[in-house]
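Notes follow the structure.
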Amino acid sequence: MRFRVAQDQFLEAIGRVAPTVPTKSTLPILSNVLLRLEEKTLHIAATDLEVSVVTELAVDGERDGSVSVPAKKIGDIVRELEGLVLTCDVDENHHLKLETEIGEYELLGTRAEEFPSLPEFDGATTIEIEAEKLDSMIQRTIFAVSRDELRPALTGVLLQLRSHELRAIATDGHRLVRIIDQEFESESEHELIVPVKALDLVRRNLPEEGTVELAIGESQIRAKLPEATLYSRLIEGRYPHYESVIPSENNNRLIVSTDVLVRALKRAQIFANPINRQVVFNLAPDSLEVLAEDVELGGKGHEKVEAKYDGEEQGIGYNASYLLDLLKHVVTDDVRFDLGGPKQAGIVRPTVPNEGEDFLMLIMPVRLS
Amino acid sequence: MMRAHVRDRLTESNRRALGPGEPHRNPTRARVIVHVDMDAFFAAIEERDNPALRGKPVIVGGPKGSRGVVTTANYVARGYGVGSGMSLAKAERLCPDAVHISTKGGKYTWVSLQIMEIMRRFSPEVEPYSVDEAFLDGSGCAHLFGGLYHYGAAIKRAILDELELTASVGIGPSRVVAKMASGMNKPDGLTVIEPHRVAARLGPLPVGKIPGVGPTTEQALKSLNINMIRQLVECPRDLLEMKLGKHGDDLANKLAGAEGIDRIGLEQPVDDKSKGHEHTFHRDVTSRSRLLQQLLVQCEMVSRRMRRDLFVGRRVTLKLRTHDFRTRSHQRVTRDWTDDPVELFQVARGLLDDIWREEERIPVRLVGVSVSGLIRPGEPAGVQEDLFLARLRERRALLFRAVDDLRDRYGENIVGLAAGYGSRRSSTPGITLSA
């Protein structure tokens, strides 16, 4: 295999697949990328066996062939050869030689056949979705996904495609996000749990505008992005019945300036217990006091926040960083809380919804003594 | 547990009240532990209910000619060499004329319940050990019957009069001694080993006779040139501990009844800050699924004790001892304060995967699970509530309360999580749950 390529183009292409490479893996071959030259097209692939990304690059090809090389090493050296033209040559021992005008660098590669073959895609249904919409959906859900391997279904985002709506759900049990795109239309109905890593990789490779094609299979999803194609396994398992935990009778309504609340929380959390980050909302008609106290280590703070509150007098504890996570996704000037009691889920949402969209977030309190 | 605890505290405060140098007015009296072991239990019930069987060899297991094993053989059949656990085919060869009867779990459980009821009349502290065995603590009651022999005889007589069944009764200062005593004169035996007689009575027996000493421990003891119980009792503790770890010390403690110091009673005094349970395998284990099965059973036991004593905890410790007596333990914190066996198990399983890999095939001889940092339920503040767990836990809490109730009445093996089945002591099929 032999080809010539501009350093910046090669680096960019490697960068598109590199985040797929697992940081630690029991299979050493997975820390490699696969390079395959077919005439003037170089295919680059990486996989962690769950998510695979393939990208293509036009190069000046001389001799077809393929090899797999350590992803980190090739990325590092190509990055440092700024502005040069590189000639890549692979010999029969799978050594990849980078020839440049300043020197030659040789990497030890492995036979391409040892690299896991890419999944055969089993998909039938394809949908088109606006890149911007997908971006915002991914951004507003992946932060709430669980990292708990004991609840595998919660480690992905649930997508529910229905004839007149698309729902995206994420939860770790402590908070939950539900986005319903009411402008979406689909001919068939699907329900799938997509791993968070796949969604993150899709987002990195989304175009600024236009649409992308998602194909849905029995156990896989494929995203065709302008510069790359991503395949991901879907998470098996049953997603919990999330609708049943969304409270319908939360009659205590709090409306407060998003920005003012964010600042108050940032100050308060400095004094919160570093483990549970507990802050307390002390609520009384048209009054909100935010306070934090670390009983173990000492130190405390409290402040009055201007707010409209219509409901029962009560104190509710929250994890401040969870609240701040949620508030990042409230783009309106004010934020609205529909609260129950100190042990019940609170609903958080922007005061004005986006057009054609129903967006809500839930947060579970921290138990107060 | 509570009683022993209170007692310890009382003696402690007495001591303090008396001041240094004052004689101890309340020397710890040896405890009276009774082990009741029903004779050929299932077969005896069948004989009782069908007098035509009397005098004939009876084998309870499966129908004649079926695969499977002998659950119980009566003493006539035992005379032909038939024993529990033997294949039915072999039993038939040894004793072709035996009457074969299929096990009837429900019936035996019912009789078991009646026995436990009788025993409760003799002591408030009864601990069912399996369907046909139980311990009771007669420390405060035996003298009311005129001494240990009369106490044991009264229990036997009540069972015989009311249920027409015979039991072998052993009495000693600890559970281990009582259990060994009940096995000495079967059937229909009554054996009392007084604290000062323990060394004399048990000393000449091989160490392998001690309940809980399997072939591996026996081998380890042999390497110290300890073959007889007497040698074990006389062996310096630190040597035992060096060779066998804590197990060696435990073993010595169990026999401490021999010195008149009862270190284990029915209810062991426990450190309320943690609850744990350990298990030594009869044969070292290299299968992950077998280890997980055992861990589940242990989590159930720990969880049961936590519920009984009203504790919840967060920090789970897994202890693993490999064939070479190397011991490792790791800890992790659960999502929330809990006494739920399934939640404890999930954490224990994660810990096992951290410290032991099946592909390395390192044989494991002991696993232990403990929960520490215990507090009273209702106390915990600062815990993040969960959207999905709250209802699940409520349902499970109700379920396990019912399970506790069954176990209190019928013994530990009557009901359990299905995945742990096979790791329980009894071979009697009880009820299994899939929670």
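Each chain gets a letter, A, B and so on, in the order the sequences are listed, and its residues count up from 1. This one's a predicted model, so the numbers in the text were calculated from it and none came from an experiment.
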Minimum heavy-atom distance between A:M364 and B:E385, given as atom pair plus value = CB-O, 3.3 Å
Take atom CD of A:E189 as the centre, draw a 6.0 Å sphere, and report whether it contains more than 12 heavy atoms from other residues, nucleotides or ligands.
-> yes
A:Y322 versus chain B, heavy atoms under 4.5 Å apart: side chain, backbone, both or neither?
-> side chain
Counting only heavy atoms not in A:D358, do more than 12 sit closer than 6.0 Å to its CG atom?
-> yes
Of all of A:P365, A:G317, A:P240, which one pairs up most often with chain B through heavy atoms under 4.5 Å apart?
-> A:P365
A:H190, NE2: over 12 other non-hydrogen atoms inside 6.0 angstrom = yes
May I ask you to test the B:F388-A:H241 pair for a side-chain heavy-atom distance under 4.5 Å?
-> no
Identify which part of A:S244 has an atom lying under 4.5 Å from any heavy atom of chain B, answering side chain, backbone, both or neither.
-> both
Counting only heavy atoms not in A:E243, do more than 12 fall under 6.0 Å of its CD?
-> yes
What part of A:N273 is in contact with chain B, defined as an atom under 4.5 angstrom from a non-hydrogen atom: side chain, backbone, both or neither?
-> neither
So do the side chains of B:L387 and A:Y242 get within less than 4.5 Å of each other, counting heavy atoms only?
-> no
Salt bridge or not for A:R175 and B:D386, using N-O below 4.0 Å?
-> no
Where does A:I363 contact chain B at under 4.5 Å (heavy atoms): side chain, backbone, both or neither?
-> neither
